[in-house]
Amino acid sequence: MTRAEWQADESIVTEPPSYGTSVKAFWVHHTAGTNDYSCADSAAIVRGIEVYHVKSNGWNDIGYNFLADKCGVIFEGRKGGIDQPVIGAHTYGFNTDTAAIAILGTYISSGVPPVVQDAIAHVAAYKLGQYGNDPLGKVTLTEGVADGKYALGEQVTFNRIGGHRDAVATECPGDALYGQLGIIRNKAATVYGLTLTGLTGTKNGTTYYTKTGTTASWSVSTPSALISRFEVLVDGAVAVTTAGTARSAALTLAPGTHTVQVRGVHRLGRTAATPAQTVIADTTAPSFPQVPTLSLRTGSVSSSVVPVTLGWRAADNVAVRSVALTAPTTGTFAASGTYGTTTKPGVTTTWSMRAQDWSGNTTTSSASWTPLFIPETKATRTGTWSTYTSSNYLGGSALTATAGGASLSWVFTGRSVSFVATKTATSGQAYIYVDGVKVSTVDLYSSTVQYRRVVWAKSWTGSARHTVKIVVVGTSGRPRVITDGLVYVR
């Protein structure tokens, strides 16, 4: 926050600032005031310090070069230029060619939170970095006053980022904050807080997917002015180099699995890198080993509705993300599966699906299927069968038999078939034979009458000529079988 923003009283600052030639050391202070303040009141606290320093201490301006509150907000202190080596009134005997920051509050028993550590490190790194001074280094300074902690003219070696107590006989900046200075030095001297925030493409779990290009984005806590450059590593090798101000970079990847990292290089040469992030580059479209395939299923049949199951299987060299049904209706499904729906008999319907992988490659597949009725009247009969007529039956009629051994046989060419019957309280069992082999026994009993019910269905992998025969079992007490024909898909 600039002096104008915190509303410094410039009318009480009557003399121009004084300047040194460098910033060799950076001192950390606390103001020793209360910690029980709202950060919304921080500017007012800084204004109070300015008045105290000028009116009570007799200084020309606020003594500190910078101040920060417990929320990490930085305030411009003594005027003269943030980017200049302004001589302050903060560290008696060592004010020239140094800078200082004061943290609002008292930090004897508890230290400052990470956000404040970052604020101190930012300012210290910036001021020392202007003159090529390593925040992890040491410096020898000369005591400049006769009544200071050291003898006038004594050469004293300090950490370049030090506490007020190092140079002056004081508890400042408090035991807890003083104990955090090592952390702050490391933050000021290195690239820290570097995080790979994302890669363009699609993320599934911890892996990103793209075709051939992706853009890496990152964030960093170290000020850009202190960063020499960023290097984006692909599989451990530098692929792209950017300026220290950059926060993203475009990459071109060969097909395959890769790791991506971002490495920051400090102006002092120290580096830090993000953890490796897995990225899969893929340009191969999915496929449909099984095209959309229609099979008959149990359920209720009418002259306009046949219950069917749509099946499919999509595959990909990496991973299928989703399969979308696009016609004759819509839906989104997994790579393989089934979907129960209905279709119109006697109508050829095209079923279309689109598979998409995690990299965005797509492929489509379509297949057309026609469900057809074979009425009971087209069957070859054995035994005695009678005709029932009612609008409840397909085509207005059905065949019924009660004697065991009576049969109906149909021949058709298709890949799926179902048997349609009526279920009643007097209906019994029927055997079902396919191509001469008994495959099922169905029980047609129901406490309520159910017309046009698919009670059995079978499918094959391909279309072929088949024979289906039903045989009345002659169940004791309920021998009747009422058949409404077959449905098949070609």
Worksheet item: What closest approach, in Å, do P307 and V301 show between heavy atoms, and which atom pair accounts for it?
Response: CD-CG2, 3.8 Å
Worksheet item: Under 30°, 30 to 60°, or over 60°: which ring-plane class applies to F94 and Y150, parallel, tilted or perpendicular?
Response: perpendicular
Worksheet item: Looking just at side-chain N and O atoms, do Q155 and T142 make a donor-acceptor pair shorter than 3.5 Å?
Response: yes
Worksheet item: Can you find a heavy atom in the side chain of V260 that is under 4.5 Å from one in the side chain of L233?
Response: no
Item to complete: Would you please indicate yes or no on a ring centroid separation below 6.0 angstrom for F230 and W218?
Response: yes
Worksheet item: Would a distance-only check, ignoring hydrogens and angles, find a side-chain to backbone donor-acceptor pair under 3.5 Å from Q117 to I184?
Response: no
Discussion item. Checking the side chain of N65 only, and the main-chain atoms of V86 only, is there a donor and an acceptor separated by less than 3.5 Å?
Written reply: yes
Worksheet item: With distance as the sole test, does T343 use its side chain to make a donor-acceptor pair with the main-chain N or O of P371 at under 3.5 Å?
Response: no
Item to complete: Decide whether Y178 and D166 meet the rule of one side-chain donor and one side-chain acceptor closer than 3.5 Å.
Response: yes
Fill in: Lys/Arg N to Asp/Glu carboxylate O, R229 vs E231, below 4.0 Å
yes
Worksheet item: Tell me, do K149 and Y92 make a side-chain contact under 4.5 Å, heavy atoms counted?
Response: no
Item to complete: Indicate yes or no: does E171 engage R165 in a salt bridge with an N to O separation below 4.0 Å.
Response: no
Worksheet item: So do the side chains of K138 and F158 get within less than 4.5 Å of each other, counting heavy atoms only?
Response: no
Fill in: Residues, nucleotides or ligands: over 12 heavy atoms within 6.0 Å of Y52 OH
no
Fill in: Side-chain (E76) to main-chain (I82) donor-acceptor, under 3.5 angstrom
no
Discussion item. Determine whether D175 and Y107 satisfy the following criterion, side chain to side chain donor-acceptor pair (under 3.5 Å), listing intermediate values before the conclusion.
Written reply: CA-CA 7 Å; D175 291 345; Y107 299 96; over 6 Å; no
Worksheet item: Counting only heavy atoms not in K344, do more than 12 fall under 6.0 Å of its NZ?
Response: no
Fill in: R354 CZ: over 12 foreign heavy atoms closer than 6.0 Å
no
Response to the item:
Between A457 and L296 the two heavy atoms that sit nearest each other are CB-O, 3.6 Å
Worksheet item: Has D83 got more than 12 heavy atoms of other residues, nucleotides or ligands less than 6.0 Å from its CG?
Response: yes
Discussion item. Strictly distance-based, threshold 3.5 Å: is any side-chain N or O of T195 a donor or acceptor partner for the main-chain N or O of T197?
Written reply: no
Fill in: Distance-only polar pair, side chains of H53 and D61, donor-acceptor under 3.5 Å
no
Discussion item. Using modelled atom types and a 3.5 Å cut-off, is there a donor and acceptor pairing between side-chain atoms of D316 and backbone atoms of V318?
Written reply: yes
Fill in: Under 3.5 Å: donor-acceptor pair, side chain of K211, backbone of G201
no
Worksheet item: Salt-bridged, K187 to D118, with N to O below 4.0 Å?
Response: yes
Worksheet item: Checking D97 side chain against S22 main chain: does a donor-acceptor pair fall under 3.5 Å?
Response: yes
Discussion item. Once rounded to the nearest 0.5 Å, what's the spacing between atom OG of S418 and atom OH of Y488?
Written reply: 12.0 Å
Worksheet item: Are H258 and L251 close enough, and set up right, to give a side-chain contact (heavy atoms from CB on, under 4.5 Å), and what steps lead you there?
Response: CA-CA 12 Å; H258 304 280; L251 300 170; over 6 Å; no
Discussion item. Less than 6.0 angstrom from the centroid, inside 45 degrees of the normal: does R78 satisfy that with respect to the ring of W59?
Written reply: no
Practice prompt. Can you see which heavy atom on V323 is nearest to which on A355, and at what distance?
Written response: CG2-CB, 4.1 Å
Worksheet entry | R490 side chain near R415 side chain, heavy-atom distance below 4.5 Å | no
Worksheet entry | Donor-acceptor contact below 3.5 Å, side chain T34 vs main chain D36 | yes
Worksheet item: Does R297 use its side chain to pair, donor to acceptor, with the backbone of V454 at less than 3.5 Å?
Response: no
Worksheet item: Would you call T106 and N35 a side-chain contact if the rule is heavy atoms closer than 4.5 Å?
Response: yes
Discussion item. Using 0.5 Å steps for rounding, measure from the CG atom of L310 to the OG1 atom of T349.
Written reply: 11.0 Å
Response to the item:
Nearest heavy-atom contact between V305 and P345 is N-CD, 3.7 Å
Practice prompt. Taking all non-hydrogen atoms of both residues into account, name the closest pair between F66 and V123 and its distance.
Written response: CD1-CG1, 3.5 Å
Worksheet item: Is the shortest heavy-atom distance from the side chain of T363 to the side chain of F288 under 4.5 Å?
Response: yes
Worksheet item: In Å, rounded to the nearest 0.5 Å, how long is the span from CG of D282 to OG1 of T212?
Response: 10.5 Å
Worksheet item: Could you walk me through whether N60 and T14 pass the side-chain contact (heavy atoms from CB on, under 4.5 Å) check?
Response: CA-CA 7 Å; N60 180 53; T14 58; 3.8 Å; yes
Worksheet item: Do S416 and S295 get their side chains close enough for a donor-acceptor pair, meaning under 3.5 Å?
Response: no
Item to complete: With the side chain counted from C-beta on, respond yes when T210 and L199 share a heavy-atom pair under 4.5 Å apart, and no when they do not.
Response: no
Item to complete: Would you kindly say whether R247 and S224 are connected by a side-chain donor-acceptor distance under 3.5 Å?
Response: yes
Item to complete: Report yes or no: do T140 and T157 form a side-chain donor-acceptor pair below 3.5 Å?
Response: yes
Fill in: Stacked cation flag K24 on Y131, 6.0 angstrom / 45 deg
no
Discussion item. Quick one about T91 and H29 (side-chain donor to acceptor, distance below 3.5 Å, no hydrogens or angles considered), yes or no?
Written reply: yes
Worksheet entry | Rounded distance [0.5 Å steps], CG in L67 versus CD1 in I45 | 10.5 Å
Practice prompt. Carefully, step by step, assess W27 and T98 under the rule side chain to side chain donor-acceptor pair (under 3.5 Å).
Written response: CA-CA 7 Å; W27 307 112; T98 68; 3.3 Å; yes
Worksheet item: In a check of side-chain contact (heavy atoms from CB on, under 4.5 Å) between I280 and each of N204, L253, T207, which one passes?
Response: T207
Discussion item. Quick check: Y339 with F333 (ring centres under 6.0 Å apart)?
Written reply: yes
Practice prompt. Rounded to the nearest 0.5 Å, what's the gap from CG on L196 to CD on Q277? Could you check?
Written response: 6.0 Å
Worksheet entry | Polar contact flag, side-chain donor to acceptor under 3.5 angstrom, S368-T350 | yes
Discussion item. With rounding to the nearest 0.5 angstrom, report the SG to CG distance, C71 to L104.
Written reply: 10.0 Å
Fill in: Test item: side-chain donor near acceptor, S366 and S352, under 3.5 Å
yes
Worksheet item: What do the steps show when you test Y37 against D69 for side-chain contact (heavy atoms from CB on, under 4.5 Å), and what is the final call?
Response: CA-CA 9 Å; Y37 61 88; D69 66 13; 3.6 Å; yes
Fill in: Note: D134-R270 ion pair, threshold 4.0 Å (strictly below)
yes
Item to complete: Please tell me if the side chains of K55 and I12 come closer than 4.5 Å, counting only heavy atoms from C-beta onward.
Response: yes
Worksheet item: Where is the tightest heavy-atom contact between P173 and H164, given as atom of each residue plus distance?
Response: CD-N, 3.9 Å
Item to complete: Dump the intermediate steps for side chain to side chain donor-acceptor pair (under 3.5 Å) on S359 and D357, then the final yes or no.
Response: CA-CA 5 Å; S359 294; D357 65 18; 4.5 Å; no
